[in-house]
Amino acid sequence: MINKIVQSMADAMAGIKDGSTVLIGGFGAVGQPDQLIEALIEQGAKDLVCVANNAGNGRVGLAKLMELGRVRKIICSFPRSAGSVVFEELYRAGKIELEIVPQGTMAERMRAAGAGVPAFFTATSVGTILAHGKEEREFNGRRYVMEHALKGDVALVEAWEGDRWGNLTYRSSGRNFNPVMAMAADLTIAQVSHIRELGELVPENVHTPGIFVNRVIHVDRGPAWA
Amino acid sequence: MINKIVQSMADAMAGIKDGSTVLIGGFGAVGQPDQLIEALIEQGAKDLVCVANNAGNGRVGLAKLMELGRVRKIICSFPRSAGSVVFEELYRAGKIELEIVPQGTMAERMRAAGAGVPAFFTATSVGTILAHGKEEREFNGRRYVMEHALKGDVALVEAWEGDRWGNLTYRSSGRNFNPVMAMAADLTIAQVSHIRELGELVPENVHTPGIFVNRVIHVDRGPAWA
Amino acid sequence: MQGFDRKGMAARLAQDIPEGWIVNLGIGIPTMVGDYVPLEREVIFHSENGILGMGPAPAADKVDPWLVNAGKQPVTLRPGGSYCHHADSFAMIRGGHIDLCVLGAFEVAANGDIANWATSENDTAPAVGGAMDLGAGAKRLWVIMEHTTKDGRPKLVEQCGYPLTTPAAVKRVYTNLGVFDVVPGKGFVVVDLAPGLTLEQVQSVTGAPLHTQ
Amino acid sequence: MQGFDRKGMAARLAQDIPEGWIVNLGIGIPTMVGDYVPLEREVIFHSENGILGMGPAPAADKVDPWLVNAGKQPVTLRPGGSYCHHADSFAMIRGGHIDLCVLGAFEVAANGDIANWATSENDTAPAVGGAMDLGAGAKRLWVIMEHTTKDGRPKLVEQCGYPLTTPAAVKRVYTNLGVFDVVPGKGFVVVDLAPGLTLEQVQSVTGAPLHTQ
């Protein structure tokens, strides 16, 4: 019997290696796999490359992982926000690398990795400093830059429901980056608010099919998110 | 009030021009917009380029459109099947052009058109006669061919439910090419088995958001499909 | 010179959005535009975090923690709205399916260049978000911003001094002093001035020639 | 030489599919493989027309016209199964998420080349379907086919005569006469022969050297 549901965070994090590229879902707090990030802090892997839309907030979660010196590089679209204090400190001190990527390009680069497309062209960033060093090319009279697939060793995603085959659904705007990250990593770990019996999810309305998911763990996010 | 629901096939077909590239959904009979194809036959546009997985069956639908001499070229993955008699006749007589495209490449080329990606790389067809004339390139030690976006002037799609904003859901394996075609055309026309009130479709489970759909028409496909 | 206040600017822009358009509103003043499109005029608001058919902010006691806009503020979903993932959401943007994007800006140049994400080449960790995708992908880009900086320097300029977000993308600019089309080969063309202002007054705080229609 | 019949070939291959694999079965003999994987051994069958978790054919009175496999035959969906669109379905294939693809073939060469879609360069309207995507994308490609053509010519060859589907892709071949690994730099290596057959017998109808392990 296929059973991707794990019972402990230690099992969920097993085998994550130093030097991994870790894709972390969420858009701000929404759809962010908080408990998996905490578990990764606990697990100990270091020298990580983290891919996330934001560069952490306050001194918890991703910010804490960075503050502990475990993140070598961050790839994101929006590093600078009111609460990104840890990132700012580390970055100014030259203790963390940054690759800034337009948000849509970041999503598409991961979707490409998941879909077996090593590179694609986009008009986004043409004529800007973010196009520096990128190959440019004209199609039908318009200029485009070539972007490469962005693959993860690990993806940490947050979902609303999950079953033992790894099928996931997302709630509302909590979907965001999670489905593209799930398909772009070798090891995808999902924290879900609700475990469902196999067959309970409507086949037409599975948002991430289990083929993209390796481990599922139940996390009660508390009354505000219930 | 936005209302994409039209009441007649004449309204559904209005404005389709000679020379159009027409994307036609479906995989065999499943998810195929039969009534829209009949209406296109009625409407009269000619010199068409049709994109569909198959090159028609028997002497109805797409096969009839071809038999009437209205199709200049067909782009498909599987032209030859037991029932593709009209295509075979026309092709042997040099009366129709054929572009044969691997099925996944065909789907991805339309998805690319819908997503503003003019070209992408894939390993599919490398080292085969279908790679002839295509640019090849190596990424991480593997060879890929460059494929271009495939855009439609018109898409004819079949869906299970639709509302006045153009939101669609699909049933079972009837989804197939329909969502990618819907996003890849300037004018997307959907035949739906059921019209729903705005707000009746579950927001998490809309399969094609209305942004990709221009016209919706109700078609009763009969008891077998109800 | 005062002209419109921020609400007035947002209301002025909102007047020009016809029913049926799909519109993405950036963070800041652009977000306020939504408040001035009456619900009965059906304009479909898109948010790049995967929302199509976004509605206004909820009452304080009706906040849904799962539902935020691109600025991470609580919002609602209108009947007919739907959710999708980030790659699909930006396919809508990059694929040219968004009728209008409204962004704020540091500067807009007479050729339509927009700079709105980094304040200098030396700003080594700027936050680009979805601005470049929106600038390059939407069918039309309108900017809404104050006409000058806080210290009085023009924000409509001959050439942007800040790093570009997207070249030659802006079609129209709404400021506290007026509305200006960006016409290729010509530059800024006055559509409208705020009540009581003269062309000369507005020209005096603009860094590029203002043409009349 | 007879060896396995088609059912026997399908059953032999089915033995080698472990629980948990995601498997795409091509049209023809490959489709029959599914009948020999017991439901309690959970193997997830993928069909390129957007089905993950496909089940066996339904009873004649339970046919659902909406639910067909890649060969357009009626099938069922297992609990846990799901549907997706064609681009997502081929993302699963192209992205290397399918553990195993089983295809039929006209020829397989000693270097793993497969030819299964066009019978000559002059076949101007051949049907490729998803074969090239599957050949290039699946984690491993196994072929199931008769060992020789109807008129006795070998289908395991030094070099394919027919147009290729995918170069150097086949990892293993199941025929009526045995099971053969394709080992890079070596060629065909015998895993198993059908009961009662000798290596010499099978070699005599094979167009490339058969190695032993």
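Here is the naming used below: chain letters follow the sequence lines, and residue numbers restart at 1 for every chain.
With a 4.5 angstrom heavy-atom cutoff, L201(B) does not touch chain C via any of its atoms. Contact annotation for R196(B): neither backbone nor side-chain heavy atoms come within less than 4.5 Å of a heavy atom of chain C. When heavy atoms are compared at a cutoff of 4.5 Å, A87(C) approaches chain B by way of both its backbone and its side chain.
With sequence neighbours excluded, the residues that form a side-chain contact (heavy atoms from CB on, under 4.5 Å) with E146(C) are R6(C), M9(C), I29(C), N176(C).
The nearest pair of heavy atoms linking L48(B) to K17(B) is CD2-O, 4.0 Å.
Top candidate by heavy-atom pairs under 4.5 Å with chain C, chosen from E200(B), R164(B), R111(B), is R164(B).
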> Run the side-chain hydrogen bond (donor to acceptor under 3.5 Å, both in side chains) check on N69(C) and S47(C) step by step: do they pass?
Replying inline: CA-CA 6 Å; N69(C) 65 13; S47(C) 183; 5.7 Å; no
> Could you walk me through whether E138(B) and R143(B) pass the salt bridge (Lys or Arg N to Asp or Glu O under 4.0 Å) check?
Replying inline: CA-CA 4 Å; E138(B) 198 171 300; R143(B) 294 201 71 76; 3.7 Å; yes
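Around the CG atom of D5(C), the shell of radius 6.0 Å holds more than 12 heavy atoms that belong to other residues, nucleotides or ligands. More than 12 heavy atoms of other shown residues, nucleotides or ligands fall within 6.0 angstrom of atom NZ in K73(B).
Classified by interplanar angle (parallel below 30°, tilted 30° to 60°, perpendicular above 60°), the ring pair H97(C)/F212(B) is perpendicular.
Here the rule is side-chain hydrogen bond (donor to acceptor under 3.5 Å, both in side chains) with E158(B), and of R171(B), R221(B), R175(B), Q35(B) only R221(B) fits it.
Within residues 32-44 of chain C, the residues having any heavy atom less than 4.5 Å from a heavy atom of chain B are, in residue-number order, E42(C), I44(C).
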